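Small disclaimer: the values here were computed from a predicted structure and weren't measured. Computation of the quantities below employed the complete heavy-atom set of this structure, encompassing side-chain atoms and omitting hydrogens, waters and symmetry-equivalent molecules.
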Amino acid sequence: FYLVSGSVRKQAQHFYNCIFEPIFNIPLEQVYPPGLHITLGIFTKIFTLLEEFCHQLDLELAFHNNDDGQSSFCLYSQELQKLQMYTAEILEAKQSQQNLEEVATYMVLNLGESHHITMQFMQQSAERAQSVQQLEAKIAASTRAVKKGFLFNEGPFVKELDKALQGFGVHRQQYFGGAFVGNHVHAALKVFNINKLCTSILCAAQEKLPHKAEMVENETVKFLNVFTLFAKCHAIYDNTFIDEANVEKLGTCIPYILV
């Protein structure tokens, strides 16, 4: 305890920063768990995992996106697709350059360096080498653009998730890192809203990434189950006296969430 060390404030860090004795001596069994903060913490953790899953889908979508908009996601997608195209082109160009160099070398050895056919192949080889250099410069520029990525909240799947939240009145705190408040969690943990939240991702996948729809459905079912089980736990300890029966109910629900 802090007083034992002689009330030296520098020593407070070793005593949980407590510099005075408690005003009230309250038995631990009479201390009520901070349900609101527990709920906010757990819900935010689950939602963050769901949001990260949506971001991974956005990264996948970037390879197939055809929107020529000016959002950071669209610009990222355009550069990513350019990078793919340039990479394929440079492989072909390098192979062609190598073939031309081999032919030009053969011509020099057999017809001489000044022969018009030899000079023709040498010129073509030089032009192809220049094309390779230009492609390398384009690849470098596109690589830099791709490395910058895009704004997390401008990905189509993440936007669908936020749109679903706003659909049932949840507007995250923009000036506090997109944090949730208590009323947000109360709304989001209603059965209908849980379904709406998870279904929004599946609908977006069926439209934008149909070849991934089955995988997305399997993953969203997992999130649906976790949110639903947590909602049951939340209903037990929210505005309810936690007696022995409720403790047993929590003990039954919690292990399923942790699986």
Show your working on side chain to side chain contact (heavy atoms under 4.5 Å, CB included) between L224 and T199 and close with a plain yes or no.
CA-CA 9 Å; L224 180 67; T199 302; over 6 Å; no
Please assess L209 against F157 for the test side chain to side chain contact (heavy atoms under 4.5 Å, CB included), listing each intermediate value before the final yes or no.
CA-CA 10 Å; L209 288 174; F157 280 92; 3.9 Å; yes
For the pair L57 and V216, evaluate side chain to side chain contact (heavy atoms under 4.5 Å, CB included) and give the outcome as yes or no after the intermediate values.
CA-CA 9 Å; L57 292 175; V216 173; 3.8 Å; yes
Please assess L197 against L50 for the test side chain to side chain contact (heavy atoms under 4.5 Å, CB included), listing each intermediate value before the final yes or no.
CA-CA 10 Å; L197 193 65; L50 179 59; 4.1 Å; yes
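By the ring-ring contact (aromatic ring centres under 6.0 Å, His included) test, H55 is found to be paired with F150, F152, residues two or more places apart in sequence or in another chain being considered. Remark: I38 engages P33, P34, I42, Y237 in a side-chain contact (heavy atoms from CB on, under 4.5 Å) (not counting sequence neighbours). Every residue meeting the salt bridge (charged side-chain N to carboxylate O under 4.0 Å, His left out) condition with E51, not counting sequence neighbours, appears here in chain and number order: R172. For A62, the side-chain contact (heavy atoms from CB on, under 4.5 Å) test picks out F73, Y76, S77, L80, with sequence neighbours left out. Residues satisfying the ring-ring contact (aromatic ring centres under 6.0 Å, His included) test with F180, not counting sequence neighbours, are F43, F47. With sequence neighbours excluded, the residues that form a ring-ring contact (aromatic ring centres under 6.0 Å, His included) with H211 are H64. Residues satisfying the side-chain contact (heavy atoms from CB on, under 4.5 Å) test with Q56, not counting sequence neighbours, are E52, L59. In this view, F63 satisfies the ring-ring contact (aromatic ring centres under 6.0 Å, His included) rule with no residue, not counting sequence neighbours.
Here the straight-line distance linking atom CD of Q78 with atom OG of S142 works out to 10.5 Å at 0.5 Å rounding. Residue I201 holds its CD1 atom at 12.0 Å from CD of Q206, rounded to the nearest 0.5 Å. For the atom pair OG of S114 and CE of M119, the computed distance is 7.5 Å after rounding to the nearest 0.5 Å. Here the straight-line distance linking atom CD of E154 with atom SG of C74 works out to 8.5 Å at 0.5 Å rounding. To the nearest 0.5 angstrom, L83 atom CG is 11.5 Å from R144 atom CZ. Note that CG of N153 and CG of L161 are 12.0 Å apart. Values are rounded to the nearest 0.5 Å.
A heavy-atom distance below 4.5 Å is not found between the side chains of V191 and T228. Considering only heavy atoms from C-beta on, V170 stays 4.5 Å or farther from V185 through its side chain. Two residues are said to be in side-chain contact when any heavy atoms from C-beta on lie closer than 4.5 Å; F223 and I194 fail this criterion.
The two residues L40 and G182 make their nearest non-hydrogen contact at CD2-N, 4.0 Å. Considering every non-hydrogen atom in both A213 and A205, the closest pair reads CA-CB, 4.5 Å.
Of the candidates E101, K94, Q95, E101 is the only one forming a side-chain hydrogen bond (donor to acceptor under 3.5 Å, both in side chains) with Q97.
The hydrophobic cluster containing V103 also includes L100, Y106, M107, L111, I117, F121, under a criterion of side-chain heavy atoms closer than 4.5 Å among ILVMFWY residues, counted directly or through chains of members.
Under the 3.5 Å distance criterion, the side-chain polar atoms of S72 are matched with a main-chain donor or acceptor of L151. When atom types are taken as modelled, the side chain of N65 and the backbone of L61 share no donor-acceptor pair closer than 3.5 angstrom.
In the hydrophobic clustering of this structure, V221 does not group with I46; members are Ile, Leu, Val, Met, Phe, Trp, Tyr whose side-chain heavy atoms approach within less than 4.5 Å, directly or through other members.
Legend: salt bridge (Lys or Arg N to Asp or Glu O under 4.0 Å) pairs involving residues 67-91, not counting sequence neighbours, sorted by first then second residue: E79-K82. Residue pairs meeting the salt bridge (Lys or Arg N to Asp or Glu O under 4.0 Å) criterion with at least one partner in residues 202-230, sequence neighbours excluded, are E219-K222.
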For residues 125-141, tabulate all N or O donor-acceptor pairs below 3.5 Å that involve a side-chain atom, not counting sequence neighbours.
| from | atom 1 | to | atom 2 | distance (Å) |
| --- | --- | --- | --- | --- |
| E127 | OE2 | Q123 | NE2 | 3.4 |
| R128 | NH1 | S96 | OG | 2.4 |
| S131 | OG | E127 | O | 3.1 |

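No hydrogens or angles considered: nothing links the side chains of T118 and E113 as a donor-acceptor pair under 3.5 Å.
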